[in-house]
Amino acid sequence: MELKFQLIDCDYTMVNDLPVVRLFGKTEDGRSVCAFREGFLPYFYVLPKKRDEIVEFLKNKYPQLLVKVEEVERYLPIGFSEKKTKVLKIVLKSPPHVADIREELRSSGLIEEIYEADILFKYRFMVDFGLYGMKWVRVSGNPVKTITVKCPAIRCEAVRSIDIIENAPLKYLSFDIECLPSEGMPDSKKDQIILISLSFEPAFNGMKDMVILAKNVSILGSIPCSDEKEMLEKFKETINKYDPDVLTGYNIEGFDLPYIFDRMDAHGIKKDLGRADKICFSQKFGSAQRSAIVGRVVIDPFYIIKYLSVYDQPHKFRRYDLSTVAEKILGERKIEFEGSIRTFTEEAWNSHGEKLKQFIEYSRKDSDLALKLITTHRLVDMNKFIEMAKLSGLLLQDLMAGQAARHENALLYELIKKDVLLPCKPHGKVFSGSEKKFEGAIVLEPAVGLHKDGAILILDFKSMYPSMIMQYNICPTVLVREGTKIDDKECNISPTGTKFLKKSVREGIFPYVARYYFDSRSEVRAQMKKEQDESKLKILDAKQYALKGMLVSLWGYIGFVGARFHVQEVAASITAWGRENITKTKKLIEENFGYKVIYGDTDSVFVKTDINDLEKAAEKGKEIAKFVTGRLDGLELTFEKLFKTFLILSKKRYAGWSFEKVNNGWKDELSMKGIETIRRDWCDLTSKTLFSVLNILLKEQDTKKAFNYAKDILAKLEKNQIPIEDLVVTKSISKSLKEYKGIQPHIELVKKMRQRSPVGVPGVGDRVGFVIVRGLQLMSDRAEDPEYVKQHGLKIDSRYYIESQLLPPLERVFEAIGIGKSELIGAGRQLLLADIIKNGLKKPKEEALMQADGFVCVKCNKTYRRMPLIGKCSDCNGEVTFYLGENRSRSLNV
DNA sequence: CCGACGCGGGG
DNA sequence: GTGTACGCGTCGG
């Protein structure tokens with residue numbers, strides 16, 4: 001019989017001491033299936049030093065494991081050689097032993113080098129058989145009766161990949177647990193789970209969700225169980241009955257899954273939540289945790305969003321808790337409750353009515369939100385991840401392992417075809433970071449200040465690094481090393497002197513895949529223009545996105561010290577060619593158009609013109625782009641957009657009022673780089689003020705107004721006219737209070753709150769919002785609960801907010817526009833920000849404090865740029881005073 | 001200014 | 001399971 005399915009997961013089991021590969025898949029009509037493949041064995045290659053001794057060594061030491069040693073010819077991956085090299089292919093019986101043998105061979109002194117000895121067996125199989133994660137597979141064979149997997153299985157002979165753009169209908173199950181902690185964060189060793197909520201997509205027998213309680217109490221819309229054990233069994237039963245492909249939930253990798261596994265162990269429940277008779281487990285490495293559930297995919301929206309936030313601006317949030325993320329992406333929030341989560345949980349658990357009901361709804365919403373984050377495709381688009389899997393060949397659940405794994409797996413398919421070996425990962429001291437860094441990209445010296453007369457044209461090179469990789473044939477496999485008898489005429493020589501064979505002689509593997517990604521993307525985009533079907537369009541869009549991702553990260557992969565193909569000279573050559581290119585571009589523009597290039601970074605140039613008309617400026621932009629493109633080989637400069645006004649503070653820090661041509665008009669927005677208007681440790685007032693100031697500067701080009709606006713906010717702060725909500729700073733309690741060595745405002749506040757009342761006080765893991773109030777004590781002792789401040793009419797410490805919250809970011813902005821310049825303030829008198837504060841603060845001591853240039857400890861002379869929050873020296877706890885200018889002797893006592 | 005360190009999410 | 005994050009902010013030197 002034949003089966004056609006989309007590849008969800010792959011693993012292997014040992015049967016009679018030999019591996020059997022299992023492919024888990026989903027058919028077009030939504031059935032779960034499994035295919036067994038016997039007879040595939042692990043292998044790797046060595047470049048021998050002492051050929052015969054290696055064979056002897058293996059035969060003697062591993063008579064049970066060794067299948068054969070075969071001499072074959074392959075190209076070595078690093079450095080060009082015309083001919084293939086004789087290497088030994090070592091075939092073994094058992095995948096788990098490969099690592100041991102690899103290490104023994106490494107330390108034996110018998111080998112020169114070892115290759116492909118650290119590839120997961122599932123990927124060894126998949127790559128060798130041309131299978132890719134989430135691509136479609138056709139197998140033929142006979143059905144087998146088995147209890148080792150929970151879905152229909154066949155033993156197959158023929159396996160092959162087939163190209164189908166559509167995806168099988170996947171089933172998603174989201175869940176969320178609630179625990180009853182004794183103190184701080186719940187501890188799976190002692191604190192039980194009291195409730196599990198589940199959400200289904202599509203519905204499970206008509207149910208959209210389900211809440212299971214570890215308590216025998218009838219509450220409408222929930223399933224009672226006699227205890228935790230019965231609840232966990234019900235949970236497992238539900239998973240196995242519903243049979244989801246994707247298990248999801250917010251931070252389930254880091255919390256819910258390991259917690260559930262521990263509790264199942266505690267009750268002696270078998271942890272077979274996957275599609276096979278295999279025990280699930282969760283593994284910790286560093287501070288991260290991963291769970292494995294065979295046959296299914298664990299997708300944690302928390303991980304995904306954090307991953308996306310690295311690359312995409314739209315996914316950068318102030319915080320990544322479920323409420324914030326759901327609000328931004330879905331426009332929906334978590335259910336709110338009064339007081340701390342601990343009291344909420346305790347009260348719910350001790351009640352039988354309203355409170356418990358409310359708690360159930362709270363949990364139901366959490367699992368529902370997590371599900372929606374994955375399935376609504378708004379920003380977290382599963383299509384994108386599916387396409388990345390199809391491209392790299394990685395299984396969906398392994399995508400987040402990193403860029404390097406994606407490239408290496410994708411490269412392996414091509415390397416095999418070309419008889420080139422894949423290097424092992426760097427090991428030992430190479431990876432310890434001792435390697436000196438190479439020179440990176442160029443950042444042109446910025447013309448600091450506000451630019452407003454004449455549009456600024458933003459031009460950049462379309463995928464500059466990939467283009468260079470293709471153009472100069474940059475690749476470790478065609479790296480021409482010293483002593484090779486290759487004529488320089490056959491090489492591209494980088495500005496750093498590194499030589500690469502010309503493409504016409506032999507194309508390297510990196511240029512080859514770059515070209516493949518590049519061309520495929522063009523094809524996909526052409527297809528998109530013809531495609532009418534909405535869901536197919538989405539998939540095509542996801543595909544071009546995935547292709548772009550692979551293309552642009554190719555060079556970063558070569559530069560990554562942990563990469564199998566990391567060769568420093570190669571990475572350095574790319575950046576060197578990039579720097580040369582930008583420098584040439586700047587020169588071409590300045591000499592031929594008479595405009596100044598006022599900034600540029602890596603692959604872009606910012607050109608200041610004298611043209612105010614948007615259309616005319618855009619025309620000029622296109623003209624410059626065309627001119628430069630015609631004078632550089634294989635690189636295309638494009639006119640991206642223009643800034644009507646542009647404020648640059650320093651390298652990597654700027655804001656601009658940008659205009660981009662769309663279908664029938666101009667789209668404008670404020671674009672910012674490096675000037676963060678959102679930061680965790682800033683209160684809302686800081687973010688709002690900074691944003692408004694930039695807005696006025698750029699859109700109204702009114703420096704005076706911007707200045708007055710800032711001044712007005714400071715004055716309002718003085719007069720207590722700022723709503724307290726805008727002044728709240730939030731920090732979280734990461735450990736028990738005793739463990740804190742230093743003095744921190746939010747910790748001191750919690751201690752204070754405990755003294756006032758034992759109930760409703762935040763504990764470990766909670767976030768504490770606080771404001772700093774006026775008073776004579778140390779700063780940290782003046783952290784106060786905003787509610788308490790309101791109730792008791794306390795005054796906030798305006799000085800703290802000016803000095804520590806508002807001034808630092810604002811100062812940087814005003815500094816850049818040159819406060820001293822006459823146009824700024826009518827009278828022409830230099831007005832420094834400090835003057836404003838002086839006007840607002842009347843006490844001489846405070847005035848002096850505001851003008852302090854630094855702070856110094858009277859006991860040990862340690863200096864600080866700012867007054868330490870605790871008011872004392874952090875080293876010796878001595879008194880801290882301030883000083884003016886460079887001369888510390890002028891310091892006064894505070 | 002630089003490197004070590006530690007945190008995030010979750011109840 | 002032939003594997004083992006990562007980017008950012010703080011602090012101490």
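If you're wondering where the values come from, they're calculated on a predicted model, not measured in any experiment. A note on names: the letters A, B, ... follow the listed sequences, proteins ahead of strands, and every chain is numbered from 1.
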side-chain N/O Lys425(A) vs dT4(C) OP1/OP2, d < 4.0 Å: yes

With Tyr362(A) via side chain to side chain donor-acceptor pair (under 3.5 Å) - residues at least two apart: Lys334(A)

Sugar-phosphate only, base, or nothing, as touched by Asp176(A) at under 4.0 Å among non-hydrogen atoms: sugar-phosphate

Arg22(A) and Asp11(A) ion-paired at < 4.0 Å: yes

Sugar-phosphate, base or nothing in reach of Ile177(A), heavy atoms under 4.0 Å: sugar-phosphate

Length of the CG-P vector between Asp300(A) and dA5(C), whole Å: 17 Å

Salt-bridge present (Glu346(A), Arg342(A); N to O < 4.0 Å): yes

Sugar-phosphate, base or nothing in reach of Arg290(A), heavy atoms under 4.0 Å: nothing

Contact list for DNA chain C against residues 276-283 of chain A - heavy-atom distance below 4.0 Å: Phe281(A), Gln283(A)

Touch class at under 4.0 angstrom, heavy-atom based, for Asn409(A) against every strand present: nothing

Modelled atom types, side-chain donor and acceptor of Tyr43(A) and Arg124(A), under 3.5 Å: yes

dG10(B) phosphate, OP1 or OP2, under 4.0 Å from Tyr320(A) side-chain N/O: no

Stretch residues 392-399 of chain A: residues that reach within less than 4.0 Å of DNA chain C through a heavy atom: none

Under-3.5 Å donor-acceptor pair between Lys306(A) side chain and dG8(B) base: yes

Counterpart residues, ring-ring contact (aromatic ring centres under 6.0 Å, His included), relative to Tyr115(A) (two or more places apart): none

Protein-nucleotide distance (Arg319(A), atom CZ; dG9(C), atom P), rounded to Å: 16 Å

Sugar-phosphate only, base, or nothing, as touched by Asp321(A) at under 4.0 Å among non-hydrogen atoms: sugar-phosphate

Sugar-phosphate, base or nothing in reach of Leu322(A), heavy atoms under 4.0 Å: sugar-phosphate

Residue pairs involving residues 293-309 of chain A (criterion salt bridge (Lys or Arg N to Asp or Glu O under 4.0 Å); sequence neighbours excluded): Asp243(A)-Arg296(A)

Between dT4(C) (C1') and Arg406(A) (CZ): distance, integer Å: 16 Å

Touch class at under 4.0 angstrom, heavy-atom based, for Ala401(A) against every strand present: base

All ring-ring contact (aromatic ring centres under 6.0 Å, His included) counterparts of Tyr123(A), not counting sequence neighbours: none

Side chain to side chain donor-acceptor pair (under 3.5 Å) partner of Tyr557(A), the single match among His407(A), Arg564(A), Glu408(A): Glu408(A)

Verdict with supporting geometry, Asp191(A) and Ser182(A), side-chain hydrogen bond (donor to acceptor under 3.5 Å, both in side chains): CA-CA 7 Å; Asp191(A) 303 326; Ser182(A) 38; 2.9 Å; yes

